[in-house]
Amino acid sequence: MALKDLLTTLTGNTPVVLELDLARGVLTARPSSPLQAVQLINSPTLEAVRVHLAAAATDDRVLGLIVHATPTGMSIAHAEEIADLIEKFGRSKPTMAWAESYGELAHGIVGYHIAAAARQVWVQPTGMLAIDGLELGILLLRGLLEKAGVEPQFGQRHEYKTAADQYQADHVTDANREMMTRLGASFLDTIVTSVARRRGIAVEQVRDGVNGAPVEPARALELGLIDHVGYRDEAYAAVLREWNAAPENLLYVHRYTNRAAIARNLRPGRDKVAVVTLRGAIVTGRGARSLGGQSAGSDVIDEQLRTALRDDNVKAVVFSVDSPGGSAVASDFIRRGVVRLKEAGKPVVAQMGSYAASGGYYVSMAANEIVAHATTLTGSIGVLAGKMVTAGLYDKLGLIRESLTFGEAAGTFSAAQPFTEADWERLNRWLDRIYLDFTTLAAGDRGLDYEDLESKARGRVWTGADAVERGLVDHIGGLGLAIERACDLAGLDRDRISLSHVGSQGMLSTILPANSSERATGGAELPTTDALLTSMAARVGLVGTGALSMPLVRVG
């Protein structure tokens, strides 16, 4: 397409057919590496998909949406949100999803879950529906650590806080197996019921497809799981002809521009709903981005919450959380910022992403309301702490180490020697205190009796669907619903407010000098060597990030 034609498509009245190519990936947060920054050139963020589809749904020049439903590295919860966005857009405009194959012999259920949200579903003649269900992996590291001469010593509150099991258990406990079994069943139930509803078929038909996977195209047609069989060119030609469009009308969702919607959002003096985002493990200080992942510094998140508190135009706050937890004191520090917003009369709605568990739940629980996806991992109200004793490793390596301590408690968390009885007493006293604080505050925040809340705590991870039934979460949905709930709580008209993404001013805001800790800019989030190693180790399950860390759940 010539530059002139492209500009006309972007800004003029030319008919547009939107494309969402999931094979290119969808970024769920700000880039955390130069590679992701380059990826943004041709890949949308989840926020862009959300905003642009909402604007396009009421744009007369938008004729429909085509989805290439082969998601790359996407979590179940984020796939659930994209499917919801496609379904919502499809109430106003025609939609079509196509894929070469929904998996190849295995692991196609997430892509198909997204595709089933479209009005038409196509698959290539040689493709299949490899919707063979889900597999959750439990990994115990004790045997490997013992071979390396490392002795894990951890305390936990309580039996479902299986992040400690990953290090020190020599078998899969009944509590661990019970929790993981329910998580897997809830995940699959969510997908199966969603597909059945969207396809207008019986749940049993979808179950037949799952249990009989891989499903070849002819069988998929019989079960009502797809509508058409065809190659890409055939699928595109069919819908473009049906929608009275041509290939030159195609435009990626994130390249779409709705000038009227943008103008409405930029009007000065409008009431605002602030969006504060927390991504990654929760740590004290300013956090870091690194090759090993991302951590959320409590200082930074608190600054952003205080920015929303000071802004008189901000009438409500959406707190978007995607975190497996981390530091207990950092989580409590952030929770205090949420409480202050509520005390100032600014409602807060927490919106949970793939996971908001343990510390991630701690920072969310004080919100007026909590919105989660049905497949969000949440809860894990529990505590763990301990250390890896490396004396045996040093012996294997032929190294001599002598540890000198000054003060009776100085060596408690030293890796040089095991816990003494006095050390265990100190650790258990600390774990009991944190667990009591966590459960007491959670019960108060959620309006539950302590005994009722504690029975749902004990370190157990729940899906969002199960958490709603147990009073730990209020609504199932994504950011769009969270914004709607924030507007309702603050008495605002959703169509007459502007969104303010606090802390998303880009790279410049991190290098500008800050005048004081009251300014939510300044201080580039640069990783130290220790932060790099800790973050990378946490991603493979070798170390946690704090007393409020959730168990590692692998979905395959």
Side-chain angles (χ1 to χ4, degrees), residues 20-26 66-84 86-87 90 95-138 180-236 238-239 354 374-375 463 553-556:
L20 179 57
D21 187 356
L22 298 178
R24 292 178 179 268
V26 175
I66 296 174
V67 181
H68 184 198
T70 55
T72 302
M74 186 178 296
S75 73
I76 294 177
H78 290 140
E80 182 185 349
E81 180 162 10
I82 288 175
D84 288 342
I86 294 168
E87 180 183 21
T95 54
M96 183 272 279
W98 173 85
E100 303 92 322
S101 185
Y102 298 102
E104 194 162 4
L105 296 180
H107 307 312
I109 198 165
V110 173
Y112 178 70
H113 184 204
I114 294 173
R119 292 194 201 174
Q120 294 185 40
V121 180
W122 288 66
V123 69
Q124 185 170 296
T126 53
M128 65 187 77
L129 273 64
I131 52 174
D132 53 321
L134 300 166
E135 179 186 9
L136 300 187
I138 300 174
M180 295 293 281
T181 298
R182 180 55 207 159
L183 289 177
S186 183
F187 285 155
L188 190 58
D189 287 347
T190 293
I191 293 174
V192 168
T193 55
S194 295
V195 169
R197 178 181 58 79
R198 288 166 175 157
R199 296 294 302 165
I201 60 179
V203 169
E204 290 74 20
Q205 288 175 252
V206 183
R207 288 278 183 190
D208 286 346
V210 170
N211 295 329
V215 183
E216 59 187 39
R219 177 60 175 158
L221 284 168
E222 290 177 10
L223 290 172
L225 299 175
I226 63 173
D227 301 291
H228 303 284
V229 179
Y231 290 97
R232 180 193 182 278
D233 60 293
E234 295 172 318
Y236 273 61
V239 296
S354 294
T375 54
T463 62
V553 178
R554 294 177 175 81
V555 182

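Residue numbers count from 1 along this sequence.
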To the nearest 0.5 Å, what is the distance between CG on N211 and CG on D132? 10.5 Å
Starting from the C-alpha separation in whole Å, work towards a yes-or-no answer on side chain to side chain donor-acceptor pair (under 3.5 Å) for E100 and H68. CA-CA 9 Å; E100 303 92 322; H68 184 198; 2.9 Å; yes
Looking at CD of E81 and OG of S75, how far apart are the two atoms once the value is rounded to the nearest 0.5 Å? 9.5 Å
What's the spacing between D189 CG and S194 OG if we round to 0.5 Å? 10.0 Å
Could you grab the distance from atom OG1 of T70 to atom CD1 of I114, nearest 0.5 Å is fine? 9.0 Å
Donor-acceptor pairs under 3.5 Å, side chain of residues 122-131 to any protein atom, not counting sequence neighbours: which ones?
{"residue": "W122", "atom": "NE1", "partner": "Q120", "partner atom": "OE1", "Å": "3.2"}
{"residue": "Q124", "atom": "NE2", "partner": "T126", "partner atom": "OG1", "Å": "2.9"}

Is the closest side-chain heavy-atom distance between R119 and E87 below 4.5 Å? no
Note, L22 side chain near M74 side chain (heavy atom, < 4.5 Å): yes
Does the pair R199 and D227 meet the rule for a side chain to side chain contact (heavy atoms under 4.5 Å, CB included), with working shown? CA-CA 10 Å; R199 296 294 302 165; D227 301 291; 2.8 Å; yes
Taking all atoms of both residues into account, what is the closest heavy-atom pair of S354 and A77, and its distance? CA-CB, 3.5 Å
For residues G90 and T95, report the shortest heavy-atom separation together with the two atoms involved. CA-CG2, 3.8 Å
For T190 against T193, the heavy-atom pair lying closest together: O-OG1, 3.2 Å
Which heavy atom of T463 sits nearest a heavy atom of S186, and at what distance? OG1-OG, 2.7 Å
Spatial distance of atom OG1 (T375) from atom CD (E80) [nearest 0.5 Å]: 4.0 Å
Pairing of R207 and E204 as salt bridge, 4.0 angstrom limit: no
Taking atom CD as the centre, does E104 end up with more than 12 heavy-atom neighbours from other residues, nucleotides or ligands that are less than 6.0 angstrom away? no
Does L136 reach the side chain of F187, with side-chain heavy atoms less than 4.5 Å apart? yes
Carefully, step by step, assess I201 and L223 under the rule side chain to side chain contact (heavy atoms under 4.5 Å, CB included). CA-CA 8 Å; I201 60 179; L223 290 172; 5.8 Å; no
Report the C-alpha separation of I109 and L188 in whole Å, then their side-chain angles, then the decisive distance to 0.1 Å, and conclude whether the side chain to side chain contact (heavy atoms under 4.5 Å, CB included) test is met. CA-CA 9 Å; I109 198 165; L188 190 58; 3.7 Å; yes
Min side-chain heavy-atom separation H228-V239 under 4.5 Å: no
Less than 4.5 Å apart, any side-chain heavy atom of I82 and any of H78? no
Test log, rule salt bridge (charged side-chain N to carboxylate O under 4.0 Å, His left out), inputs R219 and E222: CA-CA 5 Å; R219 177 60 175 158; E222 290 177 10; 3.2 Å; yes
Test side chain to side chain contact (heavy atoms under 4.5 Å, CB included) on L225 and Y112 and set out the steps. CA-CA 9 Å; L225 299 175; Y112 178 70; 3.3 Å; yes
Taking all non-hydrogen atoms of both residues into account, name the closest pair between A235 and W98 and its distance. CB-CD1, 3.7 Å
Nearest heavy-atom contact between A117 and A83 is CB-O, 3.2 Å
